[in-house]
Structure formats: structure tokens, C-alpha cells
2 protein chains.
Amino acid sequence: MTGSFDADRPIYQQLAHRFRERIVTGYWQPGERMASVRDLALEYGVNPNTVQRALAELEREGLAIPERTSGRFITEDEVLLRSTKRQLAVEATEEWAKRLRALGLNRAEGAQLAAVVWTDNHEPNGHEPGKPDKPDKPDKGE
Amino acid sequence: MTGSFDADRPIYQQLAHRFRERIVTGYWQPGERMASVRDLALEYGVNPNTVQRALAELEREGLAIPERTSGRFITEDEVLLRSTKRQLAVEATEEWAKRLRALGLNRAEGAQLAAVVWTDNHEPNGHEPGKPDKPDKPDKGE
DNA sequence: GTTACTGTACTAAGCACTTAGTACAGCGAT
DNA sequence: ATCGCTGTACTAAGTGCTTAGTACAGTAAC
């Protein structure tokens with residue numbers, strides 16, 4: 001079981017989000033073959049149906065390509081990978097700004113909070129005890 | 001109907017979040033009487049039961065105080081109001097930082113994104129056409 | 001061919017969220 | 001007392017998410 005899930009949102013959406021992160025960060029390399037639906041279900045402690053539902057989203061986005069009988073593969077479209085990564089970062093930042101504006105905070109106050117949070121919680125990496133280190137490829141973010 | 005809701009998360013939680021924002025920003029003033037469960041349900045286009053479930057959360061947090069037969073009132077505990085507001089802002093920022101770190105971005109890249117988002121989407125206020133302007137009281141955020 | 005894997009597609013059950021509807025007790029104004 | 005409001009508490013139905021279980025077609029290794 002890799003991590004756990006919020007009870008608030010559908011698991012298949014949280015799964016899709018984690019898969020997206022693994023793909024755009026290069027944790028799963030372009031062209032690489034993904035683990036099977038059944039193996040991923042075991043790894044994450046959920047039902048294979050739930051994994052399949054999550055993967056259906058990634059296929060609609062073109063990040064994963066199903067091969068019907070031989071497995072599922074990560075896209076090699078580097079442009080798509082970069083733009084998806086950028087979009088995820090922008091969305092996260094827009095939501096954050098929206099929430100802070102709803103609280104009546106301005107840009108300067110947001111920046112100050114960001115500085116505090118980014119220095120305090122500094123857990124450099126969240127490695128699973130039993131999992132080997134993957135290439136990761138820093139990618140120098142945009 | 002004031003705004004709409006994500007299909008992803010329970011409505012009662014989204015409602016509770018909006019109510020919290022209205023309280024800590026002073027849009028609903030301390031000591032003020034809230035609209036009734038039935039009126040809020042009409043205003044937001046949901047079932048009274050859903051509103052009550054949202055309000056139950058605010059009561060557990062001490063932000064709203066039910067008076068059994070005469071209505072529900074906003075707390076006058078200014079310390080609680082300020083600490084709640086601070087906490088909401090910190091939580092939003094921590095989630096944002098967590099998502100960006102998962103994408104492999106560092107603090108500087110996050111700050112750059114923040115600057116972009118905060119200058120582009122500048123919709124100063126989201127007023128409802130039929131609703132009057134409320135005091136709002138800038139509050140100078142912490 | 002046989003075996004073992006792959007993606008894909010169903011069913012039935014359990015659970016949480018939402019809704020409509022109903023009901024009761026207490027307060028205030030008439 | 002009566003009327004109209006308040007918070008509160010329940011039921012029953014519908015819907016969506018999750019799960020276990022089963023099944024089928026295609027590929028690869030043997």
C-alpha cells in the first residue's frame with residue numbers, strides 16, 4: 001500500500017493525480033511500461049476497477065497509452081509532458097491564490113506565508129521504505 | 001442560489017468552508033444573527049439538512065453558536081476568529097507547497113508562479129448581482 | 001496447444017451523500 | 001391561546017463510489 005487517501009474525494013481521482021505526478025516528474029519515464037492494473041491495485045491497496053477508472057483519465061489526456069494485450073506505456077510526447085506539468089503547477093497556484101483572496105489576504109501577505117511554509121516543513125523526500133530509488137531526473141522545472 | 005459546488009466533494013463540507021470564510025473575514029460580523037437553516041438552504045439551493053450538517057461543523061469549532069429557539073449567532077471571540085483565519089491561510093499554503101514539491105518545483109519556482117498568478121487573474125471582487133454590499137472590514141490580515 | 005499474462009467489461013452488494021418530507025419543542029408577537 | 005418562526009431529529013428514496021467476483025479476447029513464452 002503506497003500512501004493512503006482522503007475520504008473526501010473519490011479514490012480514482014486521487015489515484016489519477018498521483019499517476020500524473022509520477023509521469024510528469026519522470027518518476028515513470030517516457031516510453032516505460034507501467035505496472036499492470038492488477039499490480040497497481042495491489043500496490044495502492046484498492047480494487048483493480050478503481051485503478052482502471054483512474055487510468056482511463058490518463059488515457060483521455062494522452063499521458064498513458066494502453067496496448068490492449070501487452071500493457072500500458074507512458075507517452076513519449078515531451079511537449080505534452082512539459083505542458084501538463086506546467087498546467088498542474090499553475091492550477092495549484094491559482095487555487096491557493098483564490099483561497100487566500102477569499103480570506104482577504106493580498107499578494108504580499110501570501111508571499112510571506114509562502115516563505116514561512118517553505119522554510120518550516122522541509123521534508124526533502126518522502127521515500128517508501130521498501131522501494132528502490134528511481135532516476136527522478138530533476139528536469140529543472142520549466 | 002449563491003455560487004455552485006464541486007461534484008467531487010460533499011456539499012456540506014464546501015458549505016462549511018464558505019461559512020467559515022464569511023465569518024473570519026467579517027462578512028458576517030461577530031455577534032450577528034445568521035440566517036435560518038431554511039433560509040440558507042434557499043439561498044444556496046440545497047436541502048436544509050445539508051445546511052444543518054455544515055453548521056454542525058462550525059458549532060464544533062465554536063464559530064457559530066445555536067440558540068435553540070431564537071436563531072444562530074456568530075461568535076464574538078476575536079481570538080478564535082483571528083486564529084481560525086490564520087490557520088485557514090496556513091493550511092491553504094501548505095497544501096499548495098506540497099503539490100508544487102510533488103511536481104519537483106522548488107521555492108523560487110513557486111514564488112515565480114505565485115507572482116504570475118497574482119498579477120494575471122485580478123478580479124478584485126466577486127459580487128452577486130442582487131446582493132447588497134456588506135461592510136467587509138478589510139481587517140488588515142494578521 | 002497450453003499457460004500466464006494483458007486490457008476490458010460486466011454484475012451485485014455495501015456505504016456515504018443528498019434530497020423531500022414530516023415531526024416536535026421552544027420562543028415571541030398578536 | 002394562536003400563529004409563525006427557530007433548531008433539531010427522523011424516515012425513505014435516489015445516486016455515485018468502492019469493492020469482490022467473474023468473464024472474455026488477445027499476446028507471449030513454453
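None of the values given here were measured: they were computed from a predicted structure.
- No donor-acceptor pair closer than 3.5 Å links the side chain of A:E61 to the backbone N or O of A:L58.
- A:D39 places its CG atom 13 Å from the C1' atom of C:dA4, with the value rounded to the nearest Å.
- Remark: the backbone N or O of B:P10 is not paired with any side-chain donor or acceptor of B:Q13 at under 3.5 angstrom.
- The shortest distance between the side-chain N/O atoms of B:T50 and the OP1/OP2 oxygens of C:dT19 is below 4.0 Å.
- Atoms CG (A:L42) and C1' (C:dT6) sit 15 Å apart, rounded to a whole Å.
- For the ring-ring contact (aromatic ring centres under 6.0 Å, His included) condition, the pairs that include at least one residue of residues 94-113 of chain A, sequence neighbours left out, are A:W96-B:W96, A:W96-B:W118.
- The side chain of A:S36 has C:dT6 as its nearest neighbour among D:dT6, D:dG7, C:dT6.
- Looking at heavy-atom distances under 4.0 Å, B:E67 makes no contact with the nucleic acid at all.
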A correct 5'-to-3' footprint of nucleotides 21-30 of chain C, with B, S and - meaning base, sugar-phosphate only and no protein heavy atom under 4.0 Å, is B-B--BS---
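- Computed from coordinates, the B:R9 CZ to D:dG16 P distance equals 19 Å when rounded to whole Å.
- Here C:dC17 presents its C1' atom at 15 Å from CG of B:D6, a figure rounded to the nearest Å.
- In this structure, the ring of B:Y44 has its center less than 6.0 angstrom from the ring center of B:F19.
- The distance between atom CG of A:D8 and atom C1' of D:dC17, rounded to the nearest whole Å, is 14 Å.
- For A:F5 and C:dA16, the CZ to C1' distance is 18 Å, given to the nearest whole Å.
- Separating the OH atom of A:Y12 from the P atom of D:dG16 is a distance of 11 Å, rounded to the nearest angstrom.
- In summary, A:E95 and B:R99 engage in a salt bridge, as defined by a charged side-chain N under 4.0 Å from a carboxylate O.
- As a whole-Å value, the separation of A:Q52 CD from D:dC17 P is 15 Å.
- Salt bridge A:E67/A:R33: absent, no basic N to carboxylate O contact under 4.0 Å.
- Remark: B:D77 engages no residue in a side-chain hydrogen bond (donor to acceptor under 3.5 Å, both in side chains) (not counting sequence neighbours).
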